[in-house]
Amino acid sequence: MNRNLKELISQMTLEEKAGMCSGLDFWHLKGVERLGIPSVMVSDGPHGLRKQDEKGDHLGINDSIKAVCFPPAVLSACSFDRELMHTFGDAIGKEAQANDLSVVLGPAVNIKRSPLCGRNFEYYSEDPYLAGETAAAFIQGVQEHHVGTSIKHFAANNQEYNRMSCSSNADERTLREIYLPAFETAVKKSQPYTVMCSYNKVNGTFASENPWLLTDVLRDEWGFEGYVMSDWGAVNERAAGLKAGLELEMPGSGGVNDQEIIAAVKNNTLDEAVLDQAVERILRIIFEYADHREVREFTLEADHALAKKIAEESMVLLKNDSVLPLSEEEKIVFVGEFASRPRYQGGGSSHINSFRVSSVLDQVSNLPNVTYVKGFSCTDDVYEEALAKEAVEACKQADKVVIFAGLPDSFESEGYDRRHMRLPDCQNRVIKEILALQPDTIVVLHNGSPVEMPWLDDVKGLLEAYLGGQAVGEAVADLLFGRVNPSGKLAETIPYKLSDNPSHLSFGDGENVEYREGIFVGYRYYDAKEMPVAFPFGYGLSYTTFTYSNLKLDKKEMSDDGSITVTVDVTNTGTMEGREIVQLYVHDLTGAARRPLKELKGYEKLSLKPGETKTASFTLDYRSFAWYNTKLQDWYAASGDYEILIAASSKDIRLSEKIHLTTKKVLPLNIHANTTLGELLSDPRTERFGLEFKNRMDQLFGSGSEKDEQNENADKAVSDDMSMAMIASMPIRNVLNFGLYSKDEFDKLLNELNKIK
């Protein structure tokens, strides 16, 4: 339906327009009945609907409708599967239509800066490319049903401690390369209907009133077309926020902030045109949903089956020393209360009131060779000697043991960060006692973020189930018994210990959080440090094997306005059908800037029968090779060689090929008295000036044949390499200080240098 929104807005009173910019209550937007503007509802929805029951409390955390809990982002991102994430979003969009929800509050794409962030289970990855591609596919699936998404939390919300007031302080290159690209990719590829701004400040300015973030970058650069809403209670100064680009305040403030908007318009400190534009953006999204309202069935059973599929495609087999898959003929003991009461989602605003939850114990109830002992509780950290002894005795007679370990709800949740990276001590103790007598032991982990594993070397099998959604038990059972072949790979690095993490010394500060590690987050840091990790980014095993071959680039040279196509063949060399995630990384060989050793720039997931070969194809453009240059205020890739790396994980490079890139982009020159001679020599535009300065330096200090025998000892003390290094680091003002140029000559040269483009 074509609507003249500007005409509609012209009929609204100032009070009505101001009112449209805040919520009616916790979950509804205001409507204007006399003008046919409906009130619509929003709901939490990163991995399932948390729609408040009409009789529930304001937050609706404990009284939301019965719904389907899909695997949270910590797990679904490990699928590395755009098609699956699109299907996931499609199901959420249909569910939202069935429950009359106009916007679901997700996905959440904040980068996993530290394993301690209490909300990591809601976030996709440590890598911005993977997070952005995953989010874009999910958003497309949801919004095909005219239901909006609200990508969050924009931006640099990477801890829970003091999240409502702390300032995330990071340089622009770090923001552009690590913390903003997932949002950028989603906006450019999928146009989420809304963006949710975060609570925190970014470099001292609240995200809710940050014009650089909400207008300059989000709208002017990326072309965002929807509206920006606040996180719940994130508004600091309402009129300032509206000017900056925050259209909708959630929830309502009881009219207090509406009055601030009205007063600002009346006293001419806020242009009413800014308010009109905000209302138009909100109305466009309201009517996008209202004009395409569908009557749909809430397909709980079908969506439960999809939740199972997503979990199966995402769980990561980390270790398998010939103990998996299990056989139904083996005598198996299951240990740990997570087997009967799985932890399958995180705590806080995303908590789903699941209509059904499957445990792995339920799935093996018909197998006479499988027995269960509790061993330890899934809710606390208390070592109970009787339970531990019972578990140890049962395991003595088993062929294999599967221990179901993990983090209790109280260990990680929205609202606070973890204090450490350990499992409960009682679990580690029981695991150690069992391993002392039963070598054929497998551990299944239920956790929203990495944990330290002091027993890692001694277990033969390890399955990272993360938080698996409500079908977790079915998925785990199918993977353990080989009915499904594991195919997930890690969307984050698992370090050996917390102190290995790059943000360890600056994470969790209260007022000012300094992102001192800069762009070296996750595998970018561990690679640069040559630091061993428990399991690298992109890692995951299968019950079959794959070989890579026939890497081809459609060209060996590329310009900055071109692209290249990369193909590689993958063959299933095992005996079981499986799926392999092929990863493409780029390594900058130019040395033009300090960069990570490699960065993910492509991935494909291939399904292969035994003996089958398929080709993975990737397209790379200029941005795939670029870094953010703050002087240029743009993405920049220097002319030179780059290496294309084809990998099974960030540490498992299978094939590589070089490409030469030539760019027409030039970096801006800003020559001054303290510019070094080396800088002049390294830039073709200024090299001749640098050589002239160098020649005069050589004449002053003597060089080569001009030196006599009396200077032989000096030659030994100052080598040619040392001399060149000293000259290269000299500020060019020294040619003036040493009397090699007059002041007028030097100023004339500086002026000439700064005219160069």
Side-chain angles (χ1 to χ4, degrees), residues 171-173 518-519 557-562 587-595 622 625-643 658-757:
D171 63 82
E172 186 176 4
R173 183 182 172 193
I519 60 173
E557 295 190 2
M558 175 184 149
S559 61
D560 53 13
D561 58 354
H587 176 202
D588 184 349
L589 298 172
T590 68
R594 179 169 291 183
R595 300 188 66 180
Y622 179 80
F625 300 90
W627 56 285
Y628 192 82
N629 186 288
T630 54
K631 291 181 180 178
L632 195 64
Q633 285 291 288
D634 198 2
W635 293 88
Y636 176 74
S639 294
D641 288 340
Y642 295 79
E643 195 172 18
K658 288 182 182 177
I659 183 170
H660 187 85
L661 184 146
T662 302
T663 181
K664 299 182 184 69
K665 283 188 178 182
V666 292
L667 298 178
L669 285 172
N670 179 23
I671 308 299
H672 47 80
N674 284 304
T675 297
T676 66
L677 189 53
E679 290 176 273
L680 295 187
L681 290 168
S682 64
D683 192 317
R685 293 170 293 175
T686 58
E687 184 180 17
R688 67 183 181 88
F689 293 93
L691 288 172
E692 182 180 337
F693 289 162
K694 180 179 181 300
N695 288 337
R696 295 207 183 192
M697 288 282 193
D698 288 343
Q699 291 170 13
L700 176 65
F701 293 109
S703 64
S705 60
E706 297 176 358
K707 297 179 182 178
D708 56 30
E709 293 182 1
Q710 293 180 350
N711 288 327
E712 185 177 347
N713 290 333
D715 285 347
K716 293 178 180 177
V718 181
S719 66
D720 289 343
D721 286 345
M722 186 184 301
S723 176
M724 186 60 212
M726 292 173 64
I727 289 175
S729 64
M730 278 186 181
I732 59 175
R733 60 177 162 75
N734 280 352
V735 300
L736 183 63
N737 295 344
F738 294 152
L740 301 178
Y741 285 82
S742 70
K743 182 70 165 62
D744 287 344
E745 287 177 313
F746 184 71
D747 289 344
K748 183 179 178 181
L749 276 171
L750 274 184
N751 186 52
E752 188 176 350
L753 279 164
N754 279 304
K755 289 180 179 178
I756 298 173
K757 299 297 183 184

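For reference, positions follow the sequence shown, starting with 1.
- Closest approach of Asp634 to Lys665, counting heavy atoms only: OD2-NZ, 3.0 Å.
- Remark: Arg733 CZ to His672 NE2 distance equals 11.0 Å, nearest 0.5 Å.
- Checked by atom type and distance alone, the side chain of Asp560 pairs as donor or acceptor with a backbone atom of Lys664 at under 3.5 Å.
- Contact of the Glu692 side chain with the Tyr741 side chain is registered, since non-hydrogen atoms from C-beta on lie closer than 4.5 Å.
- Heavy-atom minimum distance, Ala592 versus Ala638: CB-CB, 3.5 Å.
- Residues Thr676 and Leu680 are not in side-chain contact: their nearest non-hydrogen atoms beyond the backbone lie 4.5 Å or more apart.
- For Asp641, there are no salt bridge (Lys or Arg N to Asp or Glu O under 4.0 Å) partners two or more places apart in sequence or in a different chain.
- Residues Leu589 and Lys658 have side chains in contact (heavy-atom distance under 4.5 Å, counting atoms from C-beta outward).
- Asp588 approaches Arg595 most closely through the heavy-atom pair OD2-NH1, 2.9 Å.
- Of the N and O atoms on the side chains of Ser682 and Glu679, not one donor lies less than 3.5 Å from an acceptor on the other residue.
- The structure places CG of Leu749 at 6.5 Å from CZ of Phe689, a figure rounded to the nearest 0.5 Å.
- Applying the ring pair (Phe, Tyr, Trp, His ring centres under 6.0 Å) test to Tyr642 and every residue at least two apart in sequence or in another chain returns Phe625.
- At least one donor-acceptor pair under 3.5 Å links the side chain of Asn754 to the backbone N or O of Leu750.
- Judged purely by atom type and a 3.5 angstrom limit, Asn734 has no side-chain atom pairing as donor or acceptor with the backbone of Met730.
- Between Ile671 and Ile756 the shortest side-chain heavy-atom distance does not fall below 4.5 Å.
- Looking at heavy atoms from C-beta onward, Tyr622 lies out of side-chain contact with Asp561 at the 4.5 angstrom threshold.
- Judged by distance alone, the side chains of Asp744 and Ser742 never bring a donor and an acceptor atom under 3.5 Å apart.
- A salt bridge links Glu752 with Arg688: the distance from a Lys NZ or Arg NE/NH1/NH2 to an Asp or Glu carboxylate oxygen falls below 4.0 Å.
- Looking at Ile519 and Trp627, their side chains never come closer than 4.5 Å, going by heavy atoms from C-beta outward.
- Around CZ of Arg685, the count of heavy atoms belonging to other residues, nucleotides or ligands within 6.0 Å exceeds 12.
- Contact annotation: the side chain of Leu632 approaches that of Pro668 to within less than 4.5 Å [non-hydrogen atoms, C-beta and beyond].
- When all heavy atoms are compared, the tightest approach of Tyr628 to Arg173 is O-CG, 3.4 Å.
- Counting only heavy atoms from C-beta outward, the side chains of Thr686 and Leu753 approach each other to under 4.5 Å.
- Between the Ser559 side chain and the Thr662 main chain, no donor and acceptor come within less than 3.5 Å of each other.
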